[in-house]
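Here the structure comes first, spelled out in structure tokens, and everything after it is commentary.
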Number of protein chains: 2
Amino acid sequence: MVKRALPHGRASRRPTSAEVAALAGVSRTTVSLVLNDRGGELGISAETRARVADAAARLSYQPSHAARSLRRWRTNVIALLLYTLDSFYNAEIIGAAHAAALERGYSLNIMSAKFDEVQRRAYSLLSGGVADGVIVAAPPADFAADLKKLAENGMPIVVMQHHSPDPALQAVRVDLERGGYVATRHLIDLGHRRIAHIGSASQRLLKRRERSDGYLQALQDAGIAADPRLIAMAEPSLAGGFSAMQELLAQDERPSAVFVYSDQMAVGALHALRKHGVRVPEEMAVVGFDGIALGGFVTPELTTVDYSRADIGRLAVEAVISRLEGEAEPLREQVLPVRLLVRESCGGVRTVSDGEGA
Amino acid sequence: MVKRALPHGRASRRPTSAEVAALAGVSRTTVSLVLNDRGGELGISAETRARVADAAARLSYQPSHAARSLRRWRTNVIALLLYTLDSFYNAEIIGAAHAAALERGYSLNIMSAKFDEVQRRAYSLLSGGVADGVIVAAPPADFAADLKKLAENGMPIVVMQHHSPDPALQAVRVDLERGGYVATRHLIDLGHRRIAHIGSASQRLLKRRERSDGYLQALQDAGIAADPRLIAMAEPSLAGGFSAMQELLAQDERPSAVFVYSDQMAVGALHALRKHGVRVPEEMAVVGFDGIALGGFVTPELTTVDYSRADIGRLAVEAVISRLEGEAEPLREQVLPVRLLVRESCGGVRTVSDGEGA
DNA sequence: ATTGTTATCTAACACGATTTAGAAGAAGGC
DNA sequence: GCCTTCTTCTAAATCGTGTTAGATAACAAT
């Protein structure tokens with residue numbers, strides 16, 4: 001055999017199935033059958049199977065991902081598109097998604113989709129077939145249109161946490177409206193009437209404002225008129241929560257309670273309250289959203305709307321895979337429940353909801 | 001042309017370069033040359049180029065990632081292996097890395113490498129050629145051995161933040177020893193003698209304990225004997241910092257200051273101090289590490305050792321790409337500086353170091 | 001001896017792109 | 001008219017794998 005010079009841009013030579021075949025003294029077909037565990041049914045003798053497996057191990061052969069997915073039309077990769085990687089809850093979602101994917105023989109490719117340019121790149125990668133399916137958190141309208149195109153080409157796409165922006169996309173979402181409702185209702189039950197809301201400016205891009213809708217509904221059901229001056233929007237970050245709270249505190253007639261879009265913003269808001277000498281919960285009750293670990297490590301400990309991040313990750317992965325393997329009729333939407341986690345910052349009884357406090 | 005049934009596991013049909021060629025009335029070769037911007041030099045007329053580009057756009061043609069990387073020996077993907085996705089600073093690293101990669105025409109594939117099984121999977125993916133290069137945060141010894149094999153096969157591998165565990169791997173690291181030294185030295189200069197240290201249990205797996213070494217060196221230089229009872233190790237999390245601090249507070253003779261492995265642990269430690277009624281900084285000075293945003297939103301605001309997360313991400317990506325494109329002799333190691341960011345929790349003067357306080 | 005059956009393995013094609021080597025035609029110089 | 005040169009394009013090989021259709025040999029049944 002002539003040893004050619006290394007072609008083109010290749011730095012080194014990985015072994016191919018042909019080399020394994022040569023070492024084992026069989027054909028490439030046999031190597032492929034054995035290594036894909038189809039040797040038994042297709043009548044490759046146990047002795048040959050062992051010889052092939054041994055040869056592959058000796059060369060530490062690893063099939064080429066590119067060649068395999070070109071031939072198989074399957075990458076066994078699921079893309080996970082996230083907008084922020086700076087939230088504590090993402091780690092739980094990703095961990096559970098990883099475990100679920102691994103169990104079924106898939107890998108996760110996490111992509112950031114924070115900026116427009118990265119979204120365009122993600123779209124071109126995905127339509128180039130870099131993954132078999134996609135899980136995505138709330139996509140803005142223009143990106144959702146791209147994703148819809150992919151879905152129409154047969155790629156399973158699951159929207160995570162939020163409502164699906166389009167019927168072509170499946171959803172594994174959280175009952176955010178109910179979360180907003182329960183949080184606000186809790187504050188009402190504690191006697192508050194002037195209840196403010198800090199929302200996320202990013203919601204402007206989406207059609208629905210799920211948490212805010214729950215807030216407004218709870219006020220309406222209690223016969224309290226919503227006051228637009230009590231609603232502040234800001235970036236969903238620590239700094240955003242901080243500045244939104246400062247805005248609320250600048251008002252003549254301050255609210256006595258506030259429902260905040262996320263725990264992260266709520267931590268920023270708490271810092272603003274301390275800076276202004278406002279005692280929590282005595283002068284201002286605070287309820288956040290998400291149930292992140294950090295909420296238990298601030299003073300006062302943060303009351304929040306909790307839900308299972310792990311279930312989101314796991315169910316989203318399973319939804320993609322069951323579509324890919326055509327196991328069952330896919331569910332168009334799965335809705336996960338929320339629960340109010342009462343700690344210190346709201347001034348209520350310290351429990352884990354489901355209970356019916358005074 | 002006969003329309004075949006869709007082969008095998010394929011859900012739908014994406015257009016191929018052959019279809020673009022047919023629509024434009026040219027050969028596949030021409031399509032390839034035009035779409036890869038080699039049409040000019042290789043004498044494809046402007047008129048033909050326009051026709052091909054138009055046909056590709058009309059079909060919204062996207063080259064198959066698998067076929068292209070099979071042929072080119074290049075995926076234009078850089079893998080980014082992270083151990084924790086729950087740290088606030090990761091977002092900055094990833095954001096900067098993304099921007100740098102995009103600018104050079106590469107994409108980032110973020111993989112979690114938190115669990116052994118995921119590490120094995122990551123290794124098999126990488127040796128299957130799923131990416132052209134790898135950026136990884138402190139790999140434990142067994143995984144580092146795998147990475148070394150990849151490096152010896154010619155794959156560029158860059159270790160991020162920490163010392164490289166092996167000379168075969170490049171490093172873009174932070175001067176963690178100096179950070180530990182500066183932080184501890186600051187506490188000494190403020191008059192503290194009993195200075196505790198909360199470290200990360202994960203360091204046990206690594207050869208070096210960089211921050212801790214700086215702490216010990218500073219004590220030694222000041223003629224203070226290190227007291228093993230003043231060193232507590234725990235998981236690098238909020239809860240870990242909380243429990244480590246509780247351990248330190250249980251001692252007969254409490255320290256008057258503590259240098260903590262990370263800001264995240266420090267926030268947990270601050271919560272423990274408040275629970276025990278220990279005033280910060282009056283009764284206990286605290287210095288963290290990393291400079292995450294959260295440190296500015298806790299009470300008291302956290303003094304910390306800061307460094308540029310963005311530079312780490314950017315330089316790591318550039319190191320991988322310059323190896324891939326063979327531009328220059330690669331640097332075996334790049335060391336980024338740290339700076340002490342003095343806020344409230346240490347009781348020192350509020351500045352941004354570089355200054356020489358009293 | 002022929003035919004059929006079973007067990008085991010292989011030759012050759014296909015996947016979709018890039019690239020090498022060279023073809024076809026026009027233009028120009030003699 | 002013949003040779004060279006340039007411009008513009010293409011046929012065919014190639015990357016490493018998976019898969020289809022069929023080869024070969026051994027053995028049994030008739």
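Because the structure is predicted, anything quoted here is derived from the model rather than measured. Keep in mind that the numbers below use all heavy atoms, side chains included, and drop hydrogens, waters and symmetry copies. Throughout, a chain's letter reflects where its sequence line sits, starting with A, and its residues are numbered from 1.
- Rounded to an integer number of Å, the gap from CG of B:N36 to C1' of C:dG16 is 13 Å.
- In this structure, A:L70 atom CG and D:dT14 atom C1' are separated by 12 Å, rounded to whole Å.
- A donor-acceptor contact under 3.5 angstrom links the side chains of B:T48 and B:S45, judged on distance only.
- When every heavy atom of A:V52 is checked against every heavy atom of A:T30, the shortest pair comes out as CG2-CG2, 4.4 Å.
- The shortest non-hydrogen separation linking B:R49 to B:V34 is CG-CG2, 3.7 Å.
- At a cut-off of 3.5 Å, with distance as the only test, a side-chain donor of B:R121 or A:S107 sits close to an acceptor on the other residue.
- In this structure, B:R104 pairs ionically with B:E325, as a charged nitrogen and a carboxylate oxygen lie closer than 4.0 Å.
- Between the P atom of D:dG16 and the CD atom of A:E19 lies a distance of 9 Å, rounded to the nearest Å.
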Show the distances under 3.5 angstrom between N or O atoms of the protein and N or O atoms of nucleotides 26-28 of chain D.
none

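- For the pair A:R68 and D:dG16, the criterion of a side-chain N or O lying under 4.0 Å from OP1 or OP2 is not met.
- Closest to the side chain of B:R38, from the set D:dG18, C:dT19, C:dA17, is C:dT19.
- For the side chain to side chain donor-acceptor pair (under 3.5 Å) test with A:R173, the passing option among A:Q161, A:E333, A:H162 is A:E333; the others fail.
- Rounded to an integer number of Å, the gap from NE2 of A:H65 to C1' of D:dG18 is 15 Å.
- Regarding contacts with the backbone of C:dA17, a side-chain N or O of B:Y61 is found under 4.0 angstrom from either OP1 or OP2.
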Where do N or O atoms of nucleotides 9-13 of chain C meet protein N or O atoms at under 3.5 Å, pair by pair?
unit_1: C:dC9; atom_1: OP1; unit_2: A:T48; atom_2: OG1; d: 2.7
unit_1: C:dC9; atom_1: OP2; unit_2: A:S45; atom_2: N; d: 3.0
unit_1: C:dC9; atom_1: OP2; unit_2: A:T48; atom_2: OG1; d: 3.3
unit_1: C:dT10; atom_1: OP2; unit_2: A:S27; atom_2: N; d: 2.7
unit_1: C:dT10; atom_1: OP2; unit_2: A:S27; atom_2: OG; d: 2.9
unit_1: C:dT10; atom_1: OP2; unit_2: A:T30; atom_2: OG1; d: 2.9
unit_1: C:dA11; atom_1: N6; unit_2: A:T29; atom_2: OG1; d: 2.8

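- OP1 or OP2 of C:dT18 has at least one side-chain nitrogen or oxygen of B:S32 nearer than 4.0 Å.
- Atom pair A:W73:CH2 and D:dG16:C1' shows a separation of 16 Å (rounding to whole Å applied).
- Exactly one of A:L81, A:D166, A:L126, A:L150 qualifies for a side-chain contact (heavy atoms from CB on, under 4.5 Å) with A:I157. That residue is A:L150.
- Phosphate proximity of C:dA17 to B:S64: absent, as no side-chain N or O sits under 4.0 Å from OP1 or OP2.
- Counting only residues at least two apart or on different chains, the salt bridge (charged side-chain N to carboxylate O under 4.0 Å, His left out) pairs with a member in residues 50-65 of chain A are A:E47-A:R51, A:D54-A:R58.
- The pair A:E318-A:R314 counts as a salt bridge, with a side-chain nitrogen and a carboxylate oxygen less than 4.0 angstrom apart.
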